[in-house]
There are 2 protein chains.
Amino acid sequence: MKPAPSFRRSEPDARRQSLIEACARVLAKAGATGASVRAIATEAGVSPGLVGHYFDGVDALVAATYHHVDGKVAAALDAAVLAAGPAPRARLEAFVTASFAPPIADPQLLATWIAFWSLVTARPDIARQHDEQYAGYRARLEALLRNCGLADSALRIAAISVTALVDGLWLELCLSPACFSAKEAGTIARRHLDALTSPAG
Amino acid sequence: MKPAPSFRRSEPDARRQSLIEACARVLAKAGATGASVRAIATEAGVSPGLVGHYFDGVDALVAATYHHVDGKVAAALDAAVLAAGPAPRARLEAFVTASFAPPIADPQLLATWIAFWSLVTARPDIARQHDEQYAGYRARLEALLRNCGLADSALRIAAISVTALVDGLWLELCLSPACFSAKEAGTIARRHLDALTSPAG
DNA sequence: TTGCCTGTTGGACGATCGTACAACAACGGC
DNA sequence: GCCGTTGTTGTACGATCGTCCAACAGGCAA
């Protein structure tokens, strides 16, 4: 009889992906402080040395994880918009309220995100990643707002305000879920969109 | 001739305060990852052993720093409200827009705050501190909103929405100051208050 | 089956972490 | 001036950190 293989080989991309997802789980569970090479390797079920084989140090792994998680969120938002149909206002609402439902409204995702924020101060490359990603987020929001008839002159401020409100609601919804519900967050956000799209001036 | 004293004694409270402020500076500069006992002690200009003398480990020091920074923010908000005079609407606006001016709108303060958030997941005591502090923040906001004539039934949701918007604006204002100005943040917040206090429909 | 390639392991290495503690020295009381 | 108190120092200790690399072994070609 053959002894069970002590490990399996994987496709390089699959192994990289596995390490990235393990890194995200560790960041969510233990924060930036606990995201050590050994903890990530254990979470992924591999030996510590493998991290160095696929990434130039743990910093590069964290940066890759940031990029991956950002892509996951963007995909979830796009899917929500696509599922909303062609009506501009429905698409806008879908984009906004998707942040209050899985997989975005997830305490683990917030914990991962906070770990990234905690690195912005000390890591210029992470800071740049953050700026680019937020600029992209606001750009997509501006496009959705424009389709709802918002004047070009008001677009920038409107996108900033909606982004801030959604971020704040998402943050507190994840940090203390008992305080208010996802449904209430959606109501608040929709009311804000109403005030923006029908100026009572 | 006498040799210069190699160190000075301090009042226990003053030394504790000095360590707390040094901890806040280190958290702002290096994030939660870099907040080691030695880094904090060096920042405070004392030897590493002194931290253990005043606090039961570095975790207790971080918790104390959280409490201290929270108190500082609350004091700044109260001062802004007090300086706004007796008019309810002016007091509400002062409370809200104070978050976009020094000393609250400070990237270093945000970095400190993010370091605390990054500990919420792993540290139940920090999570409890966060819940209590946010409940207090919303309670003060509800009182200010009530004085502006808001119905009791709408108070809770209104306070949640204002808190979320202000937090989001504060977050992004500190993370990427080049994106929009403090004045614009104030305009956005005031417009939101308008929509809340004069329901159009 | 045999042998090569290389993904993978597991431990060594120096640095740094949090903590504990004996020795030192500043300061108030005598 | 001297002494006791105690705030403060500096270091030792074990644990854990990131990194590195020689050795092992799974999987494929021949």
Side-chain angles (χ1 to χ4, degrees), chain A residues 1-23 26-27 29-66 115 118-119 122-123 125-126, chain B residues 1-23 26-27 29-66 115 118-119 122-123 125-126:
Chain A
M1 58 195 195
K2 304 168 184 174
S6 59
F7 65 90
R8 296 184 204 168
R9 297 195 170 194
S10 293
E11 290 291 318
D13 287 346
R15 185 64 85 183
R16 285 178 65 91
Q17 202 68 12
S18 162
L19 286 170
I20 284 173
E21 287 168 5
C23 180
V26 170
L27 283 172
K29 200 183 307 173
T33 307
S36 69
V37 171
R38 286 169 178 81
I40 295 168
T42 300
E43 176 71 29
V46 299
S47 87
L50 204 58
V51 173
H53 190 266
Y54 281 103
F55 297 91
D56 296 337
V58 69
D59 288 355
L61 172 53
V62 170
T65 304
Y66 193 14
S118 77
L119 298 175
R123 302 261 310 272
D125 58 326
I126 297 285
Chain B
M1 60 192 192
K2 304 169 186 175
S6 60
F7 65 91
R8 296 182 205 170
R9 296 193 170 195
S10 293
E11 289 290 318
D13 288 345
R15 185 66 83 184
R16 284 178 64 92
Q17 201 68 11
S18 162
L19 286 171
I20 284 173
E21 286 169 6
C23 179
V26 171
L27 284 173
K29 200 184 306 173
T33 308
S36 68
V37 170
R38 285 169 179 80
I40 296 168
T42 300
E43 175 73 30
V46 299
S47 88
L50 205 58
V51 173
H53 190 265
Y54 282 102
F55 297 92
D56 296 338
V58 68
D59 288 356
L61 173 54
V62 170
T65 304
Y66 193 13
S118 76
L119 299 174
R123 303 261 308 271
D125 58 326
I126 297 287

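Below, read A as the first sequence line, B as the second, and so on, with proteins coming before strands; counting in each chain starts at 1.
Proximity of B/Cys23 to B/Val62: side-chain heavy atoms (C-beta onward) are separated by under 4.5 Å at one or more points.
The CZ atom of A/Arg16 sits 14 Å away from the C1' atom of C/dG7 (whole-angstrom rounding). Straight-line distance from the CZ atom of A/Arg8 to the C1' atom of C/dT6: 19 Å, rounded to whole Å. Whole-Å rounding puts the B/Glu11 CD to C/dA26 C1' distance at 14 Å.
For the contact set between residues 54-62 of chain A and DNA chain D, defined by any heavy atom under 4.0 Å, the members are A/Gly57, A/Val58.
Taking every heavy atom of both residues into account, A/Val26 and A/Gly34 meet most closely at CG1-O, 3.7 Å.
Atoms CG and OG1, from B/Leu119 and A/Thr33 in turn, are 5.5 Å apart once rounded to the nearest 0.5 Å. Note that CD1 of B/Ile126 is 8.0 Å distant from CG of B/Asp59, once rounded to the nearest 0.5 Å. Interatomic distance, A/Phe55 CZ to A/Thr65 OG1, rounded to the nearest 0.5 Å: 6.5 Å.
B/Ala22 is linked by a side chain to side chain contact (heavy atoms under 4.5 Å, CB included) to B/Arg25, B/Ile40, B/Glu43, B/Ala44, counting only residues two or more places apart in sequence or in another chain. Residues passing the side-chain hydrogen bond (donor to acceptor under 3.5 Å, both in side chains) test with A/Asp125 are A/Arg123, sequence neighbours excluded.
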query: Could you write nucleotides 9-14 of chain D as a row of B, S and -, 5' to 3', where a protein heavy atom under 4.0 Å of any base atom gives B, of only sugar-phosphate atoms gives S, and otherwise -?
result: BB-B--
Atom pairs and distances, side-chain donor-acceptor, residues 11-20 of chain A, under 3.5 Å, sequence neighbours left out:
unit_1, atom_1, unit_2, atom_2, d
A/Arg15, NH2, A/Arg8, O, 2.9
A/Arg16, NH1, A/Tyr54, O, 3.0
A/Gln17, NE2, A/His68, NE2, 3.0

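Candidate nucleotides C/dT8, C/dA25, D/dG18 were compared by shortest atom distance to the side chain of B/Arg9, and C/dA25 ranks first.
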